[in-house]
Amino acid sequence: MNPLIENGKKFVVDAERILVFSGAGLSTESGIPDFRSPGGLWSKYNPADFYFDKIISDKNARVKYWRMSSESYRLMRDAEPNPAHMAIKTLEDMGKLLCVVTQNIDSLHHRAGNSPEKIIEIHGTAFSVSCLKCGKSYNRDDIERSIDSGLKDPLCDECSGILKPDTISFGQAMPEDKMIRAIKYAGDCDLCIALGSSLIVYPAASVPAHAAKSGAKLMIINREETPLDSMADLVIHDSVSKVLNEIVSA
Ligand code: NAD
Ligand code: ZN
């Protein structure tokens with residue numbers, strides 16, 4: 001067997017409290033493009049259009065934002081967990097999973113069957129929508145139906161406030177309670193496995209960095225190099241579903 005896989009297997013066998021940190025690369029094999037790879041969302045859209053300040057102050061920016069967001073939500077709604085998501089579920093079944101801290105908004109860790117209390121979605125979820133003024137919550141599919149019937153900038157039916165999916169945009173405050181929990185778990189885990197993330201989006205990437213600094217082993221599985229590779233105990237540059245499935249099923 002590939003010595004890197006052998007090593008990864010040993011890390012998992014020895015670990016008792018694993019923190020999985022996941023990014024958009026975990027879900028590309030479920031058909032959801034990431035941001036930065038060729039063919040990813042940033043090859044079609046300009047990220048500068050989607051800053052939170054712009055979305056809330058400029059109707060044209062909001063129309064563009066909803067076009068991008070609806071397109072990616074529909075892929076997420078129809079996607080299925082891939083073997084990497086299922087391997088993470090197996091880690092929970094083995095009693096080794098402390099938690100999954102995910103940057104993903106696609107709900108695929110839930111769909112794979114991990115317990116909701118173990119999943120921390122630090123960038124929120126695409127599956128619900130809220131009014132930024134009164135807080136009223138909406139089902140995403142109801143909003144998508146109104147977009148299908150021609151609405152380009154959906155507004156709240158109670159107070160006419162701006163509606164936005166419950167995801168964190170650039171420049172929008174992170175949910176403080178979730179970040180505090182994620183950092184606490186990073187300090188408690190004995191193995192952190194970072195999967196399919198460029199590890200350049202902060203403060204999210206501070207979670208695996210904090211785990212490593214607190215004494216946990218750090219394993220990174222990603223197709224490309226990341227800025228945290230030099231602090232990791234094991235780095236595998238390959239397909240996350242192939243590698244994780246081999247490590248966990250072995
Ligand atoms: P990213 O796009 O910055 O990085 C993804 C990384 O995964 C890249 O380094 C890429 O080389 C790697 N990768 C892609 N497919 C892979 C595969 N099959 N196997 C191994 N590696 C693979 O994504 P990020 O670091 O997660 O951060 C970007 C932000 O994008 C996050 O905030 C997240 O909220 C958002 N996002 C989420 C989704 C989703 O929910 N599925 C999709 C797109 C973007
Ligand atoms: Zn409202």
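Each ligand, and each atom within it, is numbered from 1 in the order the structure gives. Note: hydrogens, waters and symmetry copies are ignored here, and every other heavy atom, side chains too, is used.
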Q.
If you measure every N or O of I105 against every N or O of ligand 1, does any of those distances drop under 3.5 Å?
A. yes
Q.
Return the closest protein heavy atom for atom 33 (C) of ligand 1 as residue, atom name and distance.
A. Q103 O, 3.0 Å
Q. How open is the angle at the Zn ion (ligand 2) from atom SG of C156 over to atom SG of C131, rounded to 10 degrees?
A. 110°
Q. Are L244 and L218 linked, directly or through other ILVMFWY residues, by side chains that come within less than 4.5 angstrom of each other?
A. no
Q: Might you work through the side chain to side chain contact (heavy atoms under 4.5 Å, CB included) test for D49 and M68, ending with a clear yes or no?
A: CA-CA 10 Å; D49 286 335; M68 178 281 292; over 6 Å; no
Q. Heavy-atom distance to atom 8 (C) of ligand 1: which of E224, K242, E29 wins?
A. E224
Q) Aromatic rings F35 and F170: how do their planes relate, parallel, tilted or perpendicular, breaks at 30° and 60°? A) tilted
**Q.** ligand 1 N/O within reach of S239 N/O, cut-off under 3.5 Å
**A.** no
Q) Does one side chain, of D229 or T226, offer a donor that lies under 3.5 Å from an acceptor on the other? A) yes
Q | Polar contact flag, side-chain donor to acceptor under 3.5 angstrom, N82-S241 | A | no
Q: Do me a favour and list the nearest non-hydrogen protein atom to atom 44 (C) of ligand 1 with residue, atom name and distance?
A: F35 CE2, 3.2 Å
**Q.** In one Ile/Leu/Val/Met/Phe/Trp/Tyr side-chain cluster, 4.5 Å: I183, L98
**A.** yes
Q. Is the shortest distance from a heavy atom of P33 to ligand 1 less than 4.0 Å?
A. yes
Q: Quick one: look at N104 and ligand 1, take heavy-atom pairs under 4.0 Å, and tell me if it's side chain, backbone, both or neither.
A: both
Q) So which of N2, D238, V248, L4 actually passes side-chain contact (heavy atoms from CB on, under 4.5 Å) with V243? A) D238
Q: Note the single closest protein heavy atom to atom 26 (O) of ligand 1, along with its residue, its atom name and the distance in Å.
A: A24 N, 2.6 Å
Q. Ligand 1 versus H123, non-hydrogen atoms closer than 4.0 Å: side chain, backbone, both, neither?
A. side chain
Q: Identify whether I105 and V129 are in the same connected component of the hydrophobic contact network (ILVMFWY, side-chain heavy atoms under 4.5 Å).
A: no
Q) Where is the nearest protein heavy atom to atom 13 (N) of ligand 1: which residue, which atom, and how far? A) G25 CA, 3.6 Å
Q) Under 3.5 Å, N or O to N or O, is I32 touching ligand 1 that way? A) no
Q) What about M76: any of its N or O atoms under 3.5 Å from an N or O on ligand 1? A) no
Q | Mode of S197 contact toward ligand 1 - side chain, backbone, both, neither (heavy atoms, under 4.0 Å) | A | both
Q: Select one of side chain, backbone, both or neither to describe which atoms of D238 lie under 4.0 Å from any atom of ligand 1, heavy atoms only.
A: backbone
Q: Would you tell me whether E144 and S70 have side-chain atoms, one donor and one acceptor, within less than 3.5 Å of each other?
A: yes
